[in-house]
Amino acid sequence: MPLTKRCIAEFMGTFWLVLGGCGSAVFAAAYTDINTQGASNAGAAATASLGIGTLGVSFAFGLTVLTMAYAIGHISGCHLNPAVSFGLWAGKRFPASELLPYIIAQVGGAIVAALIIYLIASGKFDGYVLSGSGPLATNGFEIHSPQRYSLLSCFITEVVMTFMFLMVILGITDRRAPQGFAPIAIGLMLALIHLISIPITNTSVNPARSTGPAIIVGIFGNTGLIGQLWLFWVAPILGAIAAGLLYHAIFEEADLRQSPTLDR
């Protein structure tokens, strides 16, 4: 498949990941039925539970990857994530020459998706203000962490979660693994990662997913999140590269360990 077509697939896939995952956090994590707001205190409390919460948002992210893996996995490999591309490169499964085009496509898809989320959210009847610690489901540490976790805690979380994510990706896409189940395992793993780390960093493990919302929030007046964006590039990529190197050195078949970069 030509590189251009694969990059278009990566753009579309990352667009869907951010729209589905971050969109579920912005629109559906918690909301109130405005038709019953004036009823009673008890009724208002009941309607506040209409949202899908952390569990729902976690599975929304997992489902975006699962659906796109089946849709475009055979086209581009369905990375949807610069850290995944770096991890596969470190594991000798992706050529260095294609890293930059893939990353540009992934970040572009994330920015467009974040813009669409903002445009929809800004049309709410009582307005939409980019305020709070994590507007548009942005990632952050300290005052921008959902539960105010420190920089060190957030750094460790992102490194470890991305490391484990890549270990699952590398293992389930190994030619010795059961065939046809990779999207399910990867989607469930991403959901599990979100269940663990949403309270800490709002869960990144994906520099493109972090960049899209942060850029849009910054463009429309809240630049504080852009200053923290570096963490969500450095930590996931470090974790991914560590996983790629470890898997290739220890678990890869001997004949493949001796081979040049393998694109598969």
Side-chain angles (χ1 to χ4, degrees), residues 14-31 51-65 80-84 106-107 109-111 113-118 121 128-165 187 189-220 222-240:
T14 313
F15 169 87
W16 181 237
L17 183 147
V18 173
L19 184 63
C22 295
S24 71
V26 172
F27 303 126
Y31 66 94
I52 60 177
T54 298
L55 180 63
V57 172
S58 299
F59 275 95
F61 272 100
L63 288 171
T64 61
V65 171
L80 316 186
N81 182 340
V84 171
Q106 292 156 359
V107 172
I111 292 173
L115 176 61
I116 288 179
I117 293 171
Y118 172 79
Y128 182 78
V129 180
L130 295 177
S131 59
S133 63
L136 285 193
T138 44
N139 303 111
F141 53 87
E142 296 175 346
I143 64 170
H144 294 293
S145 160
Q147 293 295 306
R148 303 298 191 269
Y149 280 87
S150 69
L151 168 60
L152 180 60
S153 294
C154 294
F155 181 83
I156 293 171
T157 299
E158 289 294 323
V159 170
V160 173
M161 294 297 138
T162 314
F163 175 87
M164 293 307 301
F165 189 37
M189 182 60 177
L190 187 60
L192 175 58
I193 287 170
H194 278 78
L195 287 171
I196 297 168
S197 57
I198 281 178
I200 305 170
T201 63
N202 223 10
T203 307
S204 172
V205 301
N206 184 338
R209 170 262 183 271
S210 299
T211 301
I215 291 292
I216 297 303
V217 166
I219 288 174
F220 289 98
N222 187 338
T223 59
L225 278 305
I226 295 178
Q228 296 194 352
L229 191 56
W230 65 269
L231 175 68
F232 304 101
W233 278 86
V234 173
I237 289 174
L238 283 178

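Throughout, numbering of the chain's residues begins at 1 and tracks the sequence.
- When the side-chain hydrogen bond (donor to acceptor under 3.5 Å, both in side chains) test is applied to Thr211, the partners found at least two apart in sequence or on another chain are Trp233.
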*asked:* Set out, in order, the CA-CA distance, both residues' side-chain angles and the distance that settles side-chain contact (heavy atoms from CB on, under 4.5 Å) for Arg209 and Asn139, then state yes or no.
replied: CA-CA 9 Å; Arg209 170 262 183 271; Asn139 303 111; 3.2 Å; yes
Let me have the donor-acceptor pairs involving side chains of residues 20-29, under 3.5 Å, with sequence neighbours excluded, atom names and distances please.
{"from": "Ser24", "atom 1": "OG", "to": "Gly20", "atom 2": "O", "distance (Å)": "3.3"}
{"from": "Ser24", "atom 1": "OG", "to": "Gly21", "atom 2": "O", "distance (Å)": "2.7"}

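- With hydrogens and angles disregarded, a donor-acceptor distance shorter than 3.5 Å links the side chain of Asn202 to the backbone of Thr138.
- Judged as a side-chain hydrogen bond (donor to acceptor under 3.5 Å, both in side chains), and not counting sequence neighbours, the contacts of Ser204 are Ser210.
- Scanning for side chain to side chain contact (heavy atoms under 4.5 Å, CB included) contacts around Val159 gives Phe155, Ala235, with sequence neighbours left out.
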Listed pairs under 3.5 Å, donor-acceptor, residues 192-201 side chains, sequence neighbours left out:
{"from": "His194", "atom 1": "ND1", "to": "Leu190", "atom 2": "O", "distance (Å)": "2.9"}
{"from": "Ser197", "atom 1": "OG", "to": "Ile193", "atom 2": "O", "distance (Å)": "2.8"}
{"from": "Ser197", "atom 1": "OG", "to": "Thr203", "atom 2": "OG1", "distance (Å)": "2.8"}
{"from": "Thr201", "atom 1": "OG1", "to": "Glu158", "atom 2": "OE2", "distance (Å)": "2.6"}
{"from": "Thr201", "atom 1": "OG1", "to": "Thr203", "atom 2": "N", "distance (Å)": "3.0"}

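- Scanning for ring-ring contact (aromatic ring centres under 6.0 Å, His included) contacts around Phe220 gives Tyr118, with sequence neighbours left out.
- Applying the side chain to side chain contact (heavy atoms under 4.5 Å, CB included) test to Ile156 and every residue at least two apart in sequence or in another chain returns Leu152, Val160.
- Side chains of Phe165 and Asn206 form no contact here, defined as non-hydrogen atoms less than 4.5 Å apart.
- Considering only residues two or more places apart in sequence or on other chains, Ala110 meets the side chain to side chain contact (heavy atoms under 4.5 Å, CB included) condition with Thr14, Val18, Ala208.
- With contacts defined as side-chain heavy-atom distances shorter than 4.5 Å, the pair Val65/Phe61 does not qualify.
- By the side-chain hydrogen bond (donor to acceptor under 3.5 Å, both in side chains) test, Ser153 pairs with Ser150, sequence neighbours left out.
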